[in-house]
A.B. asks: 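Quick one: this structure, given as structure tokens, is what I'll be asking you about.
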Amino acid sequence: MKQTEMSGYLKMITIGVGVLLLAFVFWFLPLVLEEPLLEAAGETGYRATCALIGVSAVPALLCLVRFWGICGSIHEDRSFSGENAGRLKRMSQYMLFDAVLYSGFLVWFFLSGWYLGAPWLIFPVLLAIFISVSLTVLCAALSHLVQKAGEIQEEQELTI
């Protein structure tokens with residue numbers, strides 16, 4: 001597969017993930033969570049949870065924007081560059097923000113006593129924290145590897 005072709009596929013996947021993320025966050029989750037959260041936490045708790053979910057979507061969308069830039073670099077045959085390493089590092093910071101956000105939500109969940117009315121909500125919050133932390137570590141590791149590969153590529157070009 002050529003780089004331009006791979007870049008095109010990655011961009012299509014990025015668009016698809018972005019559309020699905022928006023539908024999941026702003027349509028599906030509020031619809032599914034409405035009845036159980038209204039019973040467990042009331043109107044204020046439901047609205048606060050929907051707001052948290054909406055806020056947590058922003059770093060994920062920013063990651064997709066950064067990934068779009070990486071796709072452009074792949075198209076231009078600049079996969080291993082300091083610029084892409086920086087993008088990956090920024091993506092890891094966005095995901096770390098999400099992990100902290102959901103950890104704070106988990107603390108609020110216990111302090112407000114929601115666990116009594118909606119104990120099932122613990123699992124999705126823990127899953128969100130796990131996914132955020134995993135993506136944080138993955139993006140940070142990839143950033144380091146891309147940076148090192150870029151340095152090796154530069155040294156190789158200079159030795160010729």
A.B. asks: Once side-chain hydrogen bond (donor to acceptor under 3.5 Å, both in side chains) is applied, what residue pairs with a partner in residues 54-65 remain, sequence neighbours excluded?
C.D. replies: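 As it turns out, the side-chain hydrogen bond (donor to acceptor under 3.5 Å, both in side chains) pairs with a partner in residues 54-65, which skip direct neighbours, are S56-Y102.
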
A.B. asks: Which pair of non-hydrogen atoms, one from S73 and one from R87, has the smallest distance, and what is that distance?
C.D. replies: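 Of all heavy-atom pairs spanning S73 and R87, the closest is OG-NH1, 2.9 Å.
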
A.B. asks: Using 0.5 Å steps for rounding, measure from the CD atom of Q153 to the OG atom of S81.
C.D. replies: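 Here the interatomic distance stands at 8.5 Å.
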
A.B. asks: May I ask whether W120 and V32 are part of the same hydrophobic cluster, defined by side-chain heavy atoms of I, L, V, M, F, W, Y residues being less than 4.5 angstrom apart, directly or through others?
C.D. replies: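 Same cluster.
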
A.B. asks: Output all residues satisfying side-chain hydrogen bond (donor to acceptor under 3.5 Å, both in side chains) with E39, sequence neighbours left out; order by chain, then residue number.
C.D. replies: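 Partners of E39 under the side-chain hydrogen bond (donor to acceptor under 3.5 Å, both in side chains) test: none.
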
A.B. asks: With rounding to the nearest 0.5 angstrom, report the CE to CG distance, M6 to L10.
C.D. replies: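 Result: 6.5 Å between the selected atoms.
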
A.B. asks: Enter the distance from R66:CZ to R90:CZ here, rounded to the nearest 0.5 Å.
C.D. replies: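 Going from the CZ atom of R66 to the CZ atom of R90 covers 5.5 Å.
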
A.B. asks: Can you sort out the partners of W108 under ring pair (Phe, Tyr, Trp, His ring centres under 6.0 Å), two or more places apart, ordered by chain and number?
C.D. replies: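 Counting only residues at least two positions away or on another chain, W108 forms a ring pair (Phe, Tyr, Trp, His ring centres under 6.0 Å) with F105, W114.
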
A.B. asks: Indicate the atoms forming the closest heavy-atom contact of L64 with G18, along with that distance.
C.D. replies: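 Heavy atoms only, the tightest pair is CD1-CA, 3.5 Å.
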
A.B. asks: Identify every side-chain donor-acceptor pair in residues 123-145 under 3.5 Å, counting partners at least two apart or on other chains, and give the distances.
C.D. replies:
unit_1: S132; atom_1: OG; unit_2: A128; atom_2: O; d: 2.9
unit_1: S134; atom_1: OG; unit_2: F130; atom_2: O; d: 2.8
unit_1: T136; atom_1: OG1; unit_2: L96; atom_2: N; d: 3.0
unit_1: T136; atom_1: OG1; unit_2: S132; atom_2: O; d: 2.7
unit_1: S143; atom_1: OG; unit_2: A85; atom_2: O; d: 2.7

A.B. asks: Could you measure the distance from the CD atom of Q3 to the CG atom of D77? Nearest 0.5 Å is fine.
C.D. replies: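 One finds 4.0 Å between CD of Q3 and CG of D77.
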
A.B. asks: Assess whether atom NZ of K89 is packed by more than 12 heavy atoms of other residues, nucleotides or ligands within 6.0 Å.
C.D. replies: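 Counting other residues, nucleotides and ligands, NZ of K89 stays at 12 neighbours or fewer.
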
A.B. asks: CG of L61 to CG of L22: how many Å apart, nearest 0.5 Å?
C.D. replies: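 The CG atom of L61 sits 5.0 Å away from the CG atom of L22.
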
A.B. asks: So, using salt bridge (charged side-chain N to carboxylate O under 4.0 Å, His left out) as the criterion, who are the partners of E76 when residues are at least two apart?
C.D. replies: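 Per chain and number, E76 pairs via salt bridge (charged side-chain N to carboxylate O under 4.0 Å, His left out) with R78.
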
A.B. asks: Are V19 and V25 joined in one hydrophobic group, where the rule is that I, L, V, M, F, W and Y side chains link up if heavy atoms are under 4.5 Å apart?
C.D. replies: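 No.
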
A.B. asks: Nearest 0.5 Å please: distance from the OG1 atom of T14 over to the CG atom of L21.
C.D. replies: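 Separation between the atoms: 12.0 Å.
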
A.B. asks: For a quick test of reading the model, state the closest non-hydrogen atom pair linking C63 to M95 and the distance between them.
C.D. replies: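 Closest pair (atom of C63, atom of M95, distance): SG-CE, 3.9 Å.
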
A.B. asks: Which pairs pass ring-ring contact (aromatic ring centres under 6.0 Å, His included) with one or both residues in residues 16-44, sequence neighbours excluded?
C.D. replies: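 Listed by first then second residue: F24-F28.
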
A.B. asks: Sequence neighbours left out, what passes salt bridge (charged side-chain N to carboxylate O under 4.0 Å, His left out) with E5? Give chain and number order.
C.D. replies: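 For E5, no residue satisfies salt bridge (charged side-chain N to carboxylate O under 4.0 Å, His left out) once neighbours in sequence are set aside.
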
A.B. asks: Can I get a per-line list of side-chain donor-acceptor pairs under 3.5 Å for residues 41-55, giving both atom names and the distance, sequence neighbours left out?
C.D. replies:
unit_1: E43; atom_1: OE2; unit_2: R47; atom_2: NE; d: 2.8
unit_1: E43; atom_1: OE2; unit_2: R47; atom_2: NH2; d: 3.0
unit_1: Y46; atom_1: OH; unit_2: P30; atom_2: O; d: 2.9
unit_1: T49; atom_1: OG1; unit_2: G45; atom_2: O; d: 2.8

A.B. asks: Tell me which pairs pass ring-ring contact (aromatic ring centres under 6.0 Å, His included) where either residue lies in residues 64-100, with sequence neighbours left out.
C.D. replies: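 Sorted result for residues 64-100: empty, none.
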
A.B. asks: Listed by chain and number, what are the ring pair (Phe, Tyr, Trp, His ring centres under 6.0 Å) partners of F110, not counting sequence neighbours?
C.D. replies: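 Checked F110 against ring pair (Phe, Tyr, Trp, His ring centres under 6.0 Å); matches are Y115.
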
A.B. asks: Hey, any chance V100 and F109 share a hydrophobic cluster, counting ILVMFWY side chains that come within less than 4.5 Å of each other, even indirectly?
C.D. replies: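 No, no single cluster joins them.
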
A.B. asks: Linking Ile, Leu, Val, Met, Phe, Trp and Tyr by side-chain heavy atoms under 4.5 Å, what else ends up with V107?
C.D. replies: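 Members other than V107 - counting any ILVMFWY side chain reachable under 4.5 Å - are L111.
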
A.B. asks: Measure from the side-chain N and O atoms of S7 to the backbone N and O of C71, and report whether any donor-acceptor pair falls under 3.5 Å.
C.D. replies: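 Yes.
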
A.B. asks: Under a single-linkage definition using a 4.5 Å side-chain heavy-atom cutoff for Ile, Leu, Val, Met, Phe, Trp and Tyr, are L29 and I122 assigned to the same hydrophobic cluster?
C.D. replies: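 L29 clusters together with I122.
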
A.B. asks: Quick one: name the residues clustered hydrophobically with L20, using the 4.5 Å side-chain heavy-atom rule over I, L, V, M, F, W, Y, and just say none if it's on its own.
C.D. replies: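 Once heavy-atom contacts under 4.5 Å are chained together, L20 still belongs with nothing else.
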
